[in-house]
Amino acid sequence: MGLKLIVCALAMALAAPAQAAPAPSGPASWVASWAAPPAPAMASASGRFAQFASPSFNNQTVVDTVRLSAGGARLRVRFTNEYGAKPLTIGRARVALVAADGKMIPGSARDLAFSGAASATVLAHAPLVSDPVALATSPLARLQVSLYLPEQTEPCGCHAQGGQLADISPPGDFTHAPFTPVGHTENRVFLSGVEVERTIKAPVIVAFGDSITDGYQSTLGANRRWPDRLAERLAAAGSKAAVVDAGIGGNRVLSDGFLPVFGESALARFDRDVLAQPGATHLVILEGVNDMGMAPTPSAQALIAGYRQLIARAHAHGLKAILATVLPYKGAFYFKPEGEAVRQAVNAWIRTAHEADGVVDFDAVIRDPADPAKMRSGLQSGDWLHPNDAGYRAMGEAVDLKLFR
């Protein structure tokens, strides 16, 4: 190369914009990107609990849509029969990426396999993870999961309040064909998780709680839960962090749910729904209002002992545990002064004990300054227990991203 060419090349190199350093990487590993913890089925219900009756299926296809938090080069899907008393047959399953308008992205559909086979049997009381599928995903990608159930199923021991309506087909396998739905369900039908494979090392945050973490009363299909907003903020900040929502509506810390679909107690389900999440590094705990509202109300000391158990079990597995203060609920159907006294004592302990690795003060964000036992009117959904979309957004905005460094 001549002297002039060398000089020109050097000048161009010096003038070029500086490139960002690549993110730390290592061997490929699987991490949780989305989850919907299952709960025991409730075969039938009446009155105001009728909405919680668990559906069953026979020779039908169910199409569900989930929004991932983290992306990766490959993915695999976790199905659940953990609350089933007999084996569950999967006739066929397929995934595809969908755009914001719900339309499938051309070329993105992939059949799932199970040990190389198109169909599978999920044993009673067990989960089943699909084979990996080569489908690259980006943060906040929407994934459609089509599941053909060729035989009569038991009532679905699934996640009952999915915040998204799944389409139910007429009889037949419609995993490869469009159909006109004959019904819909908010249940995440035998679907409990999506994992992605990546080489980048980044936090995997598990949001653990009850209906407030599950996003109850937020707009269906809009992904407006507070963990959704947290995931959006992390993605916008350039983080590759995953946020996994492990909330179950009606869940309690010290007791199983009042209804079966409200799940086993937080202490009972913790290993499966938190510690078993691939790659989990951080935990945010927001739970306790159902303990305080439902009879008998436990003491603050009993609830604090429960939180300490969750923190200790998280630390034993290398997770950082972050506690969130319990939201005000005056005006809710089960509000009572003794429960409010417990809430105040528990929140004071969360703020001052420093036994966790961090605190998120959701109570301070949501409460009405004129009546701190109540939510701000503009942030509650109408039942004075659950936030509305604006309230969930305010919660997601209140989480300090530095907690996940």
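Among V289, L327, D363, the single residue meeting the side-chain contact (heavy atoms from CB on, under 4.5 Å) criterion with R343 is D363. Exactly one of T175, T61, D111 qualifies for a side chain to side chain donor-acceptor pair (under 3.5 Å) with R94. That residue is D111.
L403 places none of its side-chain heavy atoms less than 4.5 Å from the side chain of H282. Under the 4.5 Å side-chain criterion, counting only non-hydrogen atoms from C-beta, S239 is not in contact with L401. The shortest side-chain heavy-atom distance between V66 and L191 falls under the 4.5 Å cut-off. Side-chain contact check for E287 versus L310: every heavy-atom pair is 4.5 Å or farther apart. P37 has its side chain within reach of H159: a pair of non-hydrogen atoms, C-beta onward, lies under 4.5 Å apart. No side-chain heavy atom of V63 sits less than 4.5 Å from a side-chain heavy atom of F174. Side-chain contact between R351 and N347 is present, with heavy atoms from C-beta onward closer than 4.5 Å. Between T219 and Y392, every side-chain heavy-atom pair lies at or beyond the 4.5 Å cut-off.
Y216 and D210 are not linked by any side-chain donor-acceptor pair at a separation below 3.5 angstrom, with hydrogens and angles left out of the test. Looking at T297 and E338, their side chains never bring a donor and an acceptor atom within 3.5 Å of each other. W226 and T213 are linked by a side-chain donor-acceptor pair at a separation below 3.5 angstrom, with hydrogens and angles left out of the test. Under the 3.5 Å distance criterion, with hydrogens and angles disregarded, no donor-acceptor pair is assigned to the side chains of H125 and N81.
Here the shortest heavy-atom pairing between A321 and A356 reads O-CB, 3.3 Å. The two residues L143 and L75 come nearest to each other via the heavy atoms CD1-CD2, 4.1 Å. Scanning all heavy atoms of the two residues, the minimum distance from P38 to E82 falls at CG-OE1, 3.8 Å. Scanning both residues, E340 and A373, for their nearest heavy atoms gives OE2-CB, 3.7 Å. P227 and A207 get closest at one heavy-atom pair: CG-CB, 3.9 Å. Across H386 and S211, no two heavy atoms sit closer than the pair NE2-OG, 2.7 Å.
With rounding to the nearest 0.5 angstrom, the CZ atom of R74 is 12.0 Å from the OG1 atom of T137. Atoms CD1 and CG, from I212 and L385 in turn, are 5.5 Å apart once rounded to the nearest 0.5 Å.
Taking the six-membered ring where the residue is Trp, the centroids of F190 and F79 are separated by 6.0 Å or more.
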Evaluation steps, side-chain contact (heavy atoms from CB on, under 4.5 Å), between S265 and D256: CA-CA 4 Å; S265 73; D256 290 349; 3.8 Å; yes
Which is it for R224 and R393 under the side-chain contact (heavy atoms from CB on, under 4.5 Å) test, yes or no, and what are the steps along the way? CA-CA 7 Å; R224 291 179 180 169; R393 183 179 181 88; over 6 Å; no
Run the numbers on L149 and L88 for side-chain contact (heavy atoms from CB on, under 4.5 Å), then give the verdict. CA-CA 8 Å; L149 301 164; L88 169 72; 4.2 Å; yes
Give the C-alpha distance, both sets of side-chain angles, the deciding distance and a yes or no for side-chain contact (heavy atoms from CB on, under 4.5 Å) between V399 and I322. CA-CA 10 Å; V399 182; I322 298 157; over 6 Å; no
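A salt bridge is absent between D368 and K330: the closest approach of a Lys/Arg side-chain nitrogen to an acidic carboxylate oxygen does not fall below 4.0 angstrom. Ion pairing of K86 with E154 is absent here, as no side-chain N (NZ or NE/NH1/NH2) approaches a carboxylate O to less than 4.0 Å.
The aromatic rings of F270 and F208 sit perpendicular to each other, their planes meeting at more than 60°, with 30° as the lower class boundary.
For K320, the salt bridge (Lys or Arg N to Asp or Glu O under 4.0 Å) criterion is met by no residue, not counting sequence neighbours.
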